[in-house]
Every structure is written in structure tokens, then in C-alpha cells.
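Structure first, then comments.
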Amino acid sequence: MPFLDWYLRCSLATWLLLHSFVLMSLCFQPATTFPKGCYLSQEDGYNTLRCSNAQLTEVPRDIPNDTHRLYLDFNQITYIPSDAFRNLPELMELDLSHNSLGRLDVASLRGLSDHLHSLDLSSNKLVTVSKEVFANLKARTNLSGNPWMCDCELQEVIRLVELEPGSSSGIVCANSVQEEYAGKPFHQVIKEVDLCNVYKKTTDVAMLVTMFGWFAMVISYLVYYVRQNQEDARRHLEYLKSLPSKQKHSEEPSTLSTVV
């Protein structure tokens, strides 16, 4: 009996220990699973999610709401869907540099709050972007290292955003509405020319050319119409002139018969 009691007590203790271990494993299991290469950490007291060089092709989902710093640099992200960062009210720093972003939709950065003070979009494949993308952002922004088309739209963006100090020299015109500025730093270009005025003048010239074309067409039609009517009028006049002569010839036999 003593041996049986001891055995039962040991079995019960072992079962309780295993049960507690299972419960603890379930309690400490991570609630969110991140892609391989991503990890959470505390850096300088800030919740940081690092996914640098993790071979990502899209923005990770289920990012913790209390994330302060998010590093998605050195990946192959080509597109940011609408509201991708909408549920990150405490995000202060967003690094999207060294990706393959070719465009940004108006809603791509929607939801980023006033807490955001740093946005890095450098070394991507951005050619053009609407100023509406940055309409509600106050963050210092790095736009360097992209193959920009230097035009009025980019000029409006540069005037709207607060550029990261020292990054303006890296905004270079891969192409330009005026070919002579291709390959030049954008900050140098806008010192020489107002691209929005150039665009306006180009538009005005195009409108004038179009109006002149329509005017020339109208004049040509009127000249053709007048000449055609003149020809018809001439023919009609000749016809009218020929009528009395025929009538005179027809009356001569009647006169002769009367005289006889």
C-alpha cells in the first residue's frame, strides 16, 4: 500500500507538471507570426520591427499597433496597397528604402499619423508621384536615388514635403520636360527654371496652335464656299443672259407671218 500511494502521488504530480507546461506553452506562444527575417525588439525604448533584407515582396500584415519604428529596407517590395499602415497610430519612423517601388497611389500612405517624423523612400524606382500622396504628412522625407521625371508635378511635391536634410542633392532628373536638364540635380534645375510655368507655356502654345488650326480650317471652308457660290452664280447669270436671245429668235417668224 505505501508503494501504491507513493506511485499515485508521483503520477499525479507528473500529470500536473505536464499540464502546467502545456498551459505555459500556449500562453507564451506568439500571437503574430512574421515573415522569416523579421523580428521585434526594443531599441532606445521604442518598439521596433525590423524586416531589413528579408526578401519581402509585399508589406507584412498584422504589424503590432504599438510599433514605433518599422524597417522594410533592402527588399523587393514593388507596391504598397491602400491603407497598408492605417492601423499604426504610434509609428514614428518608416524605412522603405532600397526596394522596387515604381509608383505610390494616393492612399498608399494614408493613415500615417502626425507622429511619423521620418519617411525614407530613397533608392526605389519612382518616376513620378502625385503631391496628394503626401498631403497629410509632416514627416521629413528622403526621395533621393529614384529615376525621377523632372516636371511640374515633382516640383509641387518638393515644395510640399519637408526633405530629409542633405538628401536634396540625391534627387536627380533621369528625364525632364526639357531635355537639357536630364542628369542634373533637381535643386539646381528649379533654380534656373520654373517647370510649372514651362508646362503652362507649353499648354498655352498647344492651345494656340489648335485654335489656329481650327481657324484656318474655317477660313478655308469659307473661301471654298464663296468660290463655289461664285461659280454657281456665274453659271446662273450666263443662263439668264441666254434667255432673251432665244426669245428674240422665236419671235422673228411670227413677225414675218404678220407682215405677209
- line: One should read off an interatomic distance between Leu88 CG and Asn65 CG, to the nearest 0.5 angstrom, of 6.5 Å
- request: Mind listing the closest non-hydrogen atom pair of Asn99 and Leu72 along with its distance?
  value: ND2-O, 3.0 Å
message: To check you understand the geometry: which heavy-atom pair defines the closest contact between Ser130 and Glu153, and what is its length?
response: CA-OE2, 3.7 Å
From Leu101 atom CG to Ser122 atom OG, the distance as rounded to the nearest 0.5 Å: 10.5 Å
- prompt: Nearest 0.5 Å, what's the CG-SG distance between Asn175 and Cys150?
  reply: 8.5 Å
- prompt: Do Asp73 and Ser52 get their side chains close enough for a donor-acceptor pair, meaning under 3.5 Å?
  reply: yes
query: In this structure, are over 12 heavy atoms from other groups packed under 6.0 Å from Lys125 atom NZ?
result: no
task: Find the distance between CG (Leu109) and OG1 (Thr141) and round it off to the nearest 0.5 Å.
output: 8.5 Å
query: Can you find a heavy atom in the side chain of Gln42 that is under 4.5 Å from one in the side chain of Asn47?
result: yes
Can I get a per-line list of side-chain donor-acceptor pairs under 3.5 Å for residues 157-171, giving both atom names and the distance, sequence neighbours left out?
| from | atom 1 | to | atom 2 | distance (Å) |
| --- | --- | --- | --- | --- |
| Ser167 | OG | Glu164 | O | 2.7 |

message: Are more than 12 heavy atoms, taken from residues, nucleotides or ligands other than His117, located less than 6.0 Å from that residue's NE2 atom?
response: yes
- prompt: Which pair of non-hydrogen atoms, one from Leu116 and one from Leu94, has the smallest distance, and what is that distance?
  reply: CD1-N, 4.0 Å
query: Can you find a pair of side-chain heavy atoms, one from His68 and one from Met92, that are under 4.5 Å apart?
result: yes
message: The criterion is ring-ring contact (aromatic ring centres under 6.0 Å, His included); which residues satisfy it with Tyr39, sequence neighbours excluded?
response: none
message: Count I, L, V, M, F, W, Y as connected when their side-chain heavy atoms are under 4.5 Å apart, and connections chain through other members. Are Leu91 and Ile63 then in the same cluster?
response: yes
task: Give a yes or no on this: more than 12 heavy atoms of other residues, nucleotides or ligands lie within 6.0 Å of atom CD of Glu43.
output: yes
query: Applying the 4.5 Å side-chain criterion to the ILVMFWY set and letting contacts propagate, would Leu119 and Phe74 be lumped into a single cluster?
result: no
- request: Would you check if Phe134 and Leu143 make a side-chain contact, meaning some heavy-atom pair closer than 4.5 Å?
  value: yes
- request: Report the C-alpha distance between Glu180 and Val193 in whole Å, list the side-chain angles of each, state the deciding distance to 0.1 Å, and finish with yes or no for side-chain contact (heavy atoms from CB on, under 4.5 Å).
  value: CA-CA 11 Å; Glu180 63 268 27; Val193 63; over 6 Å; no
query: Got a sec, which hydrophobics cluster with Met149, joining ILVMFWY side chains under 4.5 Å apart, including via others?
result: Val127
- prompt: Do Glu58 and Tyr79 have side chains that get closer than 4.5 Å, going by heavy atoms?
  reply: no
Heavy-atom pair with the smallest gap, counting every atom of Pro60 and Cys51: CG-SG, 4.2 Å
field: pair Ser97-Asn142: side-chain heavy atoms closer than 4.5 Å
entry: no
Side-chain touch Gln55/Gln76, heavy atoms, less than 4.5 angstrom: yes
- request: Flag the pair Tyr46 / Glu93 as yes when at least one side-chain heavy-atom distance between them is below 4.5 Å, and no otherwise.
  value: no
- line: In this structure, CG of Asn146 is separated from CG of Asn124 (nearest 0.5 Å) by 5.5 Å
- line: Here the pair of heavy atoms bringing Phe85 nearest to Ser108 is CD1-O, 3.9 Å
query: Are Gln178 and Val189 side-chain neighbours, meaning at least one heavy-atom pair lies under 4.5 Å?
result: no
same_hphob_cluster(Trp148, Val172) at 4.5 Å side-chain heavy-atom cutoff: no
- request: Work out which heavy atom in Leu195 is nearest to a heavy atom in Val177; give both atom names and the distance.
  value: CD2-CG2, 3.9 Å
message: For the CD1 atom of Ile77 and the CG atom of Leu56, what is their distance to the nearest 0.5 Å?
response: 5.5 Å
message: With a sphere of 6.0 Å drawn around CG of Asn136, does it hold more than 12 non-hydrogen atoms of other residues, nucleotides or ligands?
response: no
- request: Go through Ile80 and Leu96 one step at a time and tell me if the side-chain contact (heavy atoms from CB on, under 4.5 Å) criterion holds.
  value: CA-CA 10 Å; Ile80 299 177; Leu96 287 162; 3.5 Å; yes
